[in-house]
2 protein chains.
Amino acid sequence: MTEPVSRVERKERTRRAILDAALELSDESTLAAISLRQVAKQVGIVPTAFYRHFDSIDALGLALVDEAFASLRTMMRDIRRGDPALADIVDRSVSVLVDHVHGHRAHFLFIARERAAGPPGVRDEIRHQIELFERELSTDLARLPGTDTWSPEDLGVLSNLIVTAMVSTAESILSAAGRPDVEKQLVEQARTQLRMVLVGALNWRSKP
Amino acid sequence: MTEPVSRVERKERTRRAILDAALELSDESTLAAISLRQVAKQVGIVPTAFYRHFDSIDALGLALVDEAFASLRTMMRDIRRGDPALADIVDRSVSVLVDHVHGHRAHFLFIARERAAGPPGVRDEIRHQIELFERELSTDLARLPGTDTWSPEDLGVLSNLIVTAMVSTAESILSAAGRPDVEKQLVEQARTQLRMVLVGALNWRSKP
DNA sequence: ACTGTCAGTGTACGAGTGTTCACTGAGAGG
DNA sequence: CCTCTCAGTGAACACTCGTACACTGACAGT
């Protein structure tokens with residue numbers, strides 16, 4: 001079963017266990033309210049051993065942010081993959097988002113919490129990553145037909161609106177866990193909102 | 001100066017001091033990470049005296065939520081007051097929002113944090129209050145001309161989108177404190193987003 | 001003037017906190 | 001084989017934490 005246990009491999013395994021433990025504890029509390037000792041107890045190591053892997057809880061938080069956004073990036077790739085048929089781009093985007101929220105529930109929960117309440121460094125990093133998403137979306141939108149008359153500024157503004165709506169949708173879905181009817185309604189709402197925004201976009205002229 | 005100090009008045013004064021202290025401490029941390037003793041020290045009372053006013057930190061949190069949303073309600077009234085001239089309703093709404101964010105910075109900061117990371121009871125209450133705002137906005141929108149063809153569901157969806165965007169704007173402005181140029185840009189972005197949504201709304205037909 | 005109420009005090013407790021330090025012992029490299 | 005590295009140990013430190021308890025003394029009602 002667990003035969004080849006090299007030294008570095010063992011260390012990496014413990015590191016993972018620490019990350020998972022912190023993620024699990026973040027379910028019920030904030031990172032700022034989690035103690036190094038709680039994490040250590042959950043992992044099954046002595047508190048001081050924690051320092052072999054991270055300098056502080058804050059550093060652990062930054063590592064978790066990296067991890068969470070790495071999985072978000074694969075989500076974006078999933079959305080872009082395949083046809084850019086404008087007709088069902090909305091349905092496709094929303095359903096991929098919902099799938100990822102379910103598949104990476106802990107990560108989304110962590111980001112949602114720490115975005116507002118995490119240590120300053122963690123908050124800044126999350127804000128920065130979300131900003132990167134907006135920029136990516138912006139260049140994607142620029143490739144769409146009908147956006148010729150748009151100024152780059154307006155494209156950015158639109159991207160921000162869409163990303164904000166999707167972040168909000170993800171957070172709502174998280175808090176609707178275990179109530180499939182509520183979730184279904186939220187998904188339908190997200191679809192409608194995207195369509196509304198799209199209708200607005202198609203009738204928009206920059207510098208009106 | 002401080003002549004008429006009746007008993008109940010003294011108590012109320014201490015209660016206010018506790019609320020203010022908690023609000024101030026929330027600037028740098030989450031309610032869940034704030035200790036009863038920190039609050040007591042800041043107020044200048046002994047820790048056990050805290051219980052004369054609140055059963056727990058959570059109860060304090062709920063009181064703060066009530067207070068914060070009371071001031072938000074006056075904001076809504078400010079927006080509604082006066083002419084419903086559709087032309088400058090956007091500019092008016094945004095500028096009132098910005099004014100209130102500046103005038104009640106601590107309250108907005110508190111809500112933004114606790115909305116995502118507060119104790120469950122506090123989170124639920126905030127969510128509920130925001131939902132009430134959406135409903136209010138929904139009935140306001142229904143009074144606007146051109147919404148005849150709208151279904152009540154779509155009105156709710158649109159309200160949610162607008163409220164979400166405004167909440168996000170408020171949070172962004174909070175984190176842009178001390179950088180007037182960034183704030184100016186955010187305000188302009190909020191205006192543009194509302195206009196985009198409005199354009200979408202005017203071209204919308206329910207059940208397309 | 002006498003008395004009851006009650007906001008605030010002071011002490012004490014057991015439990016949990018981050019961080020230090022010297023340590024152990026299994027795996028890696030020569 | 002023998003040494004070096006280093007993930008994890010365990011005791012000890014000087015705190016902070018929430019809460020229980022008996023208390024004081026100024027105000028309010030009679």
Side-chain angles (χ1 to χ4, degrees), chain A residues 1-22 24-64 114 117-122, chain B residues 1-22 24-64 114 117-122:
Chain A
M1 280 290 184
T2 56
E3 290 168 22
V5 275
S6 80
R7 196 118 92 117
V8 293
E9 197 178 349
R10 274 205 176 280
K11 176 160 187 180
E12 180 53 30
R13 208 171 287 184
T14 304
R15 192 188 136 94
R16 267 250 54 81
I18 292 176
L19 289 168
D20 291 343
E24 194 171 328
L25 289 172
S26 292
D27 254 73
E28 325 186 309
S29 188
T30 322
L31 198 68
I34 286 177
S35 71
L36 182 156
R37 289 178 110 102
Q38 279 174 42
V39 176
K41 182 179 288 184
Q42 178 110 354
V43 175
I45 58 175
V46 93
T48 48
F50 174 90
Y51 292 111
R52 300 284 181 200
H53 303 274
F54 299 98
D55 283 349
S56 63
I57 293 281
D58 286 16
L60 204 184
L62 287 175
L64 282 173
E114 303 310 317
V122 171
Chain B
M1 282 287 184
T2 58
E3 292 169 19
V5 274
S6 81
R7 197 116 93 114
V8 293
E9 197 177 352
R10 273 205 175 280
K11 177 162 186 179
E12 180 53 30
R13 208 171 286 184
T14 304
R15 191 187 137 95
R16 266 250 55 81
I18 292 176
L19 289 168
D20 291 343
E24 195 171 328
L25 289 173
S26 292
D27 255 73
E28 326 185 308
S29 188
T30 323
L31 198 67
I34 286 178
S35 71
L36 183 155
R37 289 178 111 103
Q38 279 174 40
V39 176
K41 183 181 285 184
Q42 178 110 356
V43 175
I45 58 176
V46 92
T48 48
F50 174 90
Y51 292 111
R52 300 285 181 199
H53 304 273
F54 299 99
D55 282 349
S56 63
I57 293 281
D58 286 17
L60 204 183
L62 287 175
L64 283 173
E114 303 309 318
V122 172

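Letters A, B, ... mirror the listed sequences (proteins, then strands); counts begin at 1.
Nearest heavy-atom pair, B/V43 versus B/A21, reported as atom, atom and distance to 0.1 Å: CG2-CB, 3.6 Å.
Between A/F50 atom CZ and C/dT17 atom P the separation is 13 Å, expressed in whole Å. Following rounding to the nearest Å, A/L25 (CG) and C/dT17 (P) show an atom-to-atom distance of 11 Å. D/dC6 atom C1' lies 18 Å from atom CZ of A/R13, rounded to whole Å. Summarising the geometry, the separation between NZ on B/K41 and C1' on D/dG18 is reported as 15 Å, rounded to the nearest angstrom. In this structure, the CD atom of B/E9 is 13 Å from the C1' atom of D/dC27, given to the nearest Å. Rounded to whole angstrom, the span from the CD1 atom of A/I18 across to the P atom of D/dA7 amounts to 11 Å. Computed from coordinates, the B/D55 CG to D/dT19 C1' distance equals 13 Å when rounded to whole Å. A/L36 has its CG atom 9 Å from the C1' atom of C/dT19, to the nearest Å.
Closest to the B/R52 side chain, of the nucleotides C/dG8, D/dT19, D/dG8, is C/dG8. Listed candidates were C/dA7, D/dT19, D/dA7. Nearest to the side chain of A/K11 is D/dA7. Of the candidates C/dG4, D/dC6, C/dT19, the closest approach to any side-chain atom of B/R7 belongs to C/dG4. Distances were taken from every side-chain heavy atom of A/I45 (C-beta onward) to each of D/dT9, D/dG18, C/dA28; the shortest belongs to D/dT9. Closest to the side chain of A/V46, out of D/dT9, C/dT9, C/dT19, is D/dT9.
For the OP1/OP2 pair of C/dG8 and a distance below 4.0 Å, the side-chain nitrogens and oxygens of B/T14 include at least one atom meeting the criterion. At the phosphate of C/dT17, OP1 or OP2 sits under 4.0 Å from a side-chain N or O atom of A/S35.
Put simply, CG on B/L64 and CG on B/D20 are 9.0 Å apart, with the number rounded to the nearest 0.5 Å.
Checked by distance alone, B/T48 brings no side-chain donor or acceptor within 3.5 Å of a matching partner on the base of C/dG8. For A/R37 against C/dG16, a side-chain-to-base donor-acceptor contact under 3.5 Å is absent.
Mapping A/Q38 and B/R10 onto DNA chain C by nearest heavy atom places B/R10 closer to the 5' end of the strand. The residue among B/I57 and A/P47 whose nearest nucleotide of DNA chain D is located toward the 5' end is A/P47.
Between the side chain of A/T30 and the backbone N or O of A/A33, no donor-acceptor pair lies under 3.5 Å. The backbone N or O of A/L25 lies less than 3.5 Å from no partner atom in the side chain of A/Q42, so there is not a single donor-acceptor pair.
A salt bridge is defined here as a Lys NZ or Arg NE, NH1 or NH2 lying under 4.0 Å from an Asp or Glu carboxylate O, and B/E12 with B/R16 fails to meet this definition.
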